[in-house]
Amino acid sequence: MPRISLLCLLFLLPSLAFSKRYTVLGDRVELPYDKSTTQSYVLEGEELQSSGTINQALSKVPGLFISQSGAYGGNTTYFMRGLGRGQVKVLIDGIEINDPTDIDRSVQLQHFAVSNIERIEVLKGASGALYGADSSGGVILITTKKDLTSTLSASYGSHETWGGGFYTSAKQGDWRIRASGDLVSSEGISAYNSARVSGNAEKDFYKRSLLNLGLANPSVGLNFNVKSVNAKADIDSSLSGDIVNGDLSRYDHMIYSIGHEAPLRDGLWLVKTDIAYSTIERDVQTNHFEGETLQAKIEAKLLYSENQALVVYSDYTADEMQASSEFSDKNQESFGLGLTHHHSHKTFFFDQSLRIDKAQAYASKLSGRLGLGKNIDQNQTVKLQIATGFKAPTLYQRFSSYGGDQDLRATKSLSTQLSYSRNVEGLISEATVFNNDVRNAIDYDLTTSSYKNIGKTNTYGIEISNTWTIEKIKLLTNYTWQRARNELNGADLARQPRWFGTFGIGYEVAQDLSLDFSHEAVSKRDDSGKLPYYDTYNLQANWSHNKALFNLSLKNIFDREYESVRYYAPAGRTITLAASWSL
């Protein structure tokens with residue numbers, strides 16, 4: 001029986017896709033979006049803060065599919081145009097936060113909060129020439145708040161879930177100090193799908209606390225930052241089902257950083273340096289992992305005309321890890337050196353990037369990026385970009401007693417993307433076709449019980465979405481169709497939907513009251529067998545009064561039952577009331 005979805009309205013709107021006009025930071029040169037060959041998406045302002053969680057915010061990004069094992073605190077995978085775990089690099093204020101103790105050196109953003117975030121920029125496509133290893137799928141750049149304001153926030157919702165947070169800042173002479181914190185506690189539900197359990201399933205709790213401290217002196221370009229993330233949750237196993245005892249998961253992440261930025265020669269050069277040290281301790285049931293990362297970066301930016309810029313950058317990273325039951329004190333270092341050049345001439349713009357990386361885990365790797373764009377007129381732009389990237393073998397894949405191999409080769413990727421954007425009054429649009437080829441993908445070989453370079457994958461597709469503003473009404477659609485497959489056997493890649501998308505409509509009831517409705521849908525996908533199509537309907541109301549903002553959110557209105565990951569269930573229908581106050 002055919003399904004009727006609100007997503008069909010996508011094809012009734014007189015546009016191709018959703019785009020924005022903003023400044024792109026991920027090119028290492030600040031550029032207007034219509035002068036950058038990068039295909040990116042930016043979340044900021046109300047669109048970001050009303051999302052509730054980082055995962056909910058990122059779910060709005062075309063081409064980015066998120067799967068999570070359990071509703072609260074479960075492991076999360078970010079699939080960027082078919083490239084999955086460990087192939088999307090995440091940086092907060094320029095500091096990488098990927099986990100060196102993870103099998104794929106992935107990142108668990110579900111433990112971070114949106115309350116102290118100013119901006120999220122998502123770069124799509126291979127980014128090895130700009131950001132080195134582990135950015136084959138793309139990069140997520142997060143910028144935290146640094147303004148001189150103070151806010152308080154609180155929330156309460158389904159499953160006895162409550163939260164609270166604060167952000168404050170002060171100025172004394174040339175020095176600025178800021179602090180923010182965030183707490184979440186939930187009684188939760190069973191991470192394992194309770195419909196598969198005979199009898200009553202155990203509720204799996206989740207608790208998280210964050211603290212951020214910053215000290216800066218803009219007059220001399222100095223800044224110091226400390227970030228702390230602590231999370232605990234009960235987790236279940238797809239193999240063992242609903243686990244009652246011994247199912248505790250713990251995640252503790254500390255990040256210390258110092259940065260300096262200084263203009264030279266009357267602002268012609270801008271030199272920025274960063275040094276960061278981070279530690280991670282985590283428990284997964286009875287397994288204990290510890291890791292630490294040292295990062296040192298320098299970037300020199302030459303702005304020698306309004307139309308040309310050159311950036312030279314270098315970074316050093318040292319990872320160390322130990323796994324309680326397998327190995328201890330294993331480490332690997334990497335060093336990268338690159339440059340990127342941007343040039344615009346009349347209606348054309350170009351960029352070229354080149355970078356070389358060297359590490360103990362792989363031979364020298366050369367990554368490149370070539371982009372070309374043209375402003376057809378004041379409202380239309382077309383751009384083409386071809387780029388390469390790679391994913392390095394991780395410490396776990398190299399040294400694990402369960403099949404580690406120190407001779408693993410780096411995974412190589414080649415991405416091509418072509419986009420067209422159009423901006424007219426009330427209507428902003430963009431469409432992108434993309435192709436990703438991956439070679440030497442690392443996977444666990446069941447025949448030899450070891451990690452091997454056995455993968456060869458290809459993903460191609462199109463992203464189409466739209467935003468259309470008509471007086472007090474705003475329509476939003478985004479839709480991604482893709483084919484992600486293993487080229488060796490022709491099978492679809494695990495957990496990758498053939499298509500997914502969102503339709504949203506917002507209405508400004510009054511100057512201080514707005515309503516938003518959304519419908520999200522995901523096609524069938526393979527996960528040890530086919531998982532069925534699912535969709536959810538969501539409603540949100542926002543009301544502002546004086547210096548207070550109130551948000552009432554109803555997710556999964558019709559309480560649809562589905563599994564994003566096989567054996568794991570989402571939270572079902574949830575309702576949350578949140579409030580924030582500016583002081």
Side-chain angles (χ1 to χ4, degrees), residues 46 48-59 66 68-76 108-117 144-145 149-168 179-192 194 200-213 227-236 247-253 516 536 538-557 559 568-583:
E46 184 180 338
L48 175 62
Q49 295 303 320
S50 64
S51 298
T53 69
I54 287 184
N55 282 354
Q56 289 174 4
L58 291 174
S59 67
I66 301 172
Q68 187 169 359
S69 302
Y72 297 98
N75 285 342
T76 304
Q108 297 301 317
L109 273 179
Q110 76 274 11
H111 298 313
F112 291 78
V114 298
S115 57
N116 75 317
I117 293 177
T144 59
K145 291 180 179 178
T149 61
S150 295
T151 58
L152 289 175
S153 63
S155 64
Y156 182 79
S158 302
H159 311 303
E160 298 292 327
T161 303
W162 62 267
F166 74 92
Y167 173 83
T168 187
S180 64
D182 189 271
L183 293 171
V184 171
S185 177
S186 178
E187 185 177 297
I189 62 171
S190 174
Y192 191 81
S194 58
N200 295 323
E202 180 204 26
K203 292 182 178 180
D204 293 315
F205 81 94
Y206 177 63
K207 292 183 179 181
R208 181 203 69 198
S209 63
L210 291 89
L211 182 63
N212 301 280
L213 301 173
K227 296 179 174 65
S228 171
V229 183
N230 306 100
K232 290 182 180 180
D234 277 347
I235 60 173
D236 291 328
D247 58 346
L248 180 66
S249 170
R250 182 174 65 91
Y251 178 91
D252 296 327
H253 195 169
D516 297 289
T536 61
N538 313 288
L539 187 63
Q540 184 171 275
N542 300 288
W543 178 55
S544 59
H545 180 68
N546 294 329
K547 294 184 177 182
L549 176 64
F550 300 90
N551 174 277
L552 180 63
S553 174
L554 180 59
K555 301 290 185 183
N556 195 0
I557 296 172
D559 200 18
Y568 292 93
R573 182 195 296 119
T574 61
I575 183 169
T576 304
L577 176 62
S580 62
W581 298 267
S582 297
L583 305 178

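As a basis for the values below, the full set of heavy atoms in this structure was taken, side chains included, without hydrogen atoms, waters or symmetry mates.
With rounding to the nearest 0.5 angstrom, the CG atom of Leu583 is 9.0 Å from the OG1 atom of Thr149. Summarising the geometry, atom OG belonging to Ser249 is positioned 11.0 Å from atom NZ belonging to Lys232; distances are rounded to the nearest 0.5 Å. One finds the OG atom of Ser150 at 8.0 Å from the OH atom of Tyr167 (value rounded to the nearest 0.5 Å). With values rounded to the nearest 0.5 angstrom, Phe166 atom CZ is found 8.5 Å from Asn212 atom CG. Rounded to the nearest 0.5 angstrom, Leu152 CG and Trp581 CH2 are separated by 7.5 Å.
Residues Leu109 and Leu58 have side chains in contact (heavy-atom distance under 4.5 Å, counting atoms from C-beta outward). You'll find the side chain of Asn551 reaches within 4.5 Å of the side chain of Gln540, heavy atoms only. Contact of the Ile54 side chain with the Ile117 side chain is registered, since non-hydrogen atoms from C-beta on lie closer than 4.5 Å. At least one side-chain heavy atom of Leu552 sits under 4.5 Å from a side-chain heavy atom of Ile575. No side-chain heavy atom of Asn116 sits less than 4.5 Å from a side-chain heavy atom of Asp182. Side-chain contact check for Thr536 versus Lys555: every heavy-atom pair is 4.5 Å or farther apart. Between Asn542 and Asp516 the shortest side-chain heavy-atom distance falls below 4.5 Å. For the pair Tyr72 and Asp204, the minimum side-chain heavy-atom distance is 4.5 Å or more.
In summary, the side chains of Ser580 and Ser153 do not present any donor paired with an acceptor at a separation below 3.5 Å, with no hydrogens or angles considered. Asn75 and Ser69 are not linked by any side-chain donor-acceptor pair at a separation below 3.5 angstrom, with hydrogens and angles left out of the test.
Residue Lys207 qualifies as open at atom NZ: its count of foreign heavy atoms under 6.0 Å is 12 or below.
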With side-chain contact (heavy atoms from CB on, under 4.5 Å) as the test, would you mind laying out the steps for Gln56 and Val114 before giving the verdict? CA-CA 10 Å; Gln56 289 174 4; Val114 298; over 6 Å; no
For Tyr156 and Leu577, what are the C-alpha separation, side-chain angles and deciding distance, and is it a side-chain contact (heavy atoms from CB on, under 4.5 Å)? CA-CA 6 Å; Tyr156 182 79; Leu577 176 62; 5.7 Å; no
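Take Tyr206 and apply the side-chain hydrogen bond (donor to acceptor under 3.5 Å, both in side chains) test, not counting sequence neighbours, and it matches His111. Evaluation of the salt bridge (Lys or Arg N to Asp or Glu O under 4.0 Å) rule for Glu187 yields Lys203 as partners, not counting sequence neighbours.
Relative orientation of the Trp543 and His545 rings is parallel, given thresholds of 30° and 60° on the angle between their planes.
Between Ile189 and Ala571, the shortest heavy-atom contact is CD1-CA, 3.6 Å. Considering all non-hydrogen atoms of both residues, Asp252 and Ala231 come closest at OD1-N, 4.2 Å. Taking all atoms of both residues into account, the shortest heavy-atom contact from Ser155 to Thr576 is CB-CG2, 4.3 Å. In terms of heavy atoms, Phe112 sits closest to His253 at CZ-ND1, 4.2 Å. Of all non-hydrogen atoms in Ile66 and Ser59, the two that sit nearest each other are CD1-N, 3.8 Å. Among all heavy-atom pairs drawn from Ala113 and Arg208, the shortest one is CB-NH2, 3.7 Å.
A donor-acceptor pair is defined here as one N or O able to donate and one able to accept, closer than 3.5 Å; such a pair exists between the side chain of Asn538 and the backbone of Asn556. Formation of a donor-acceptor pair under 3.5 Å by the Thr76 side chain with backbone atoms of Gly74 is found in this model. Asp559 places a side-chain N or O within donor-acceptor distance of the main-chain N or O of Arg573, the cut-off being under 3.5 Å.
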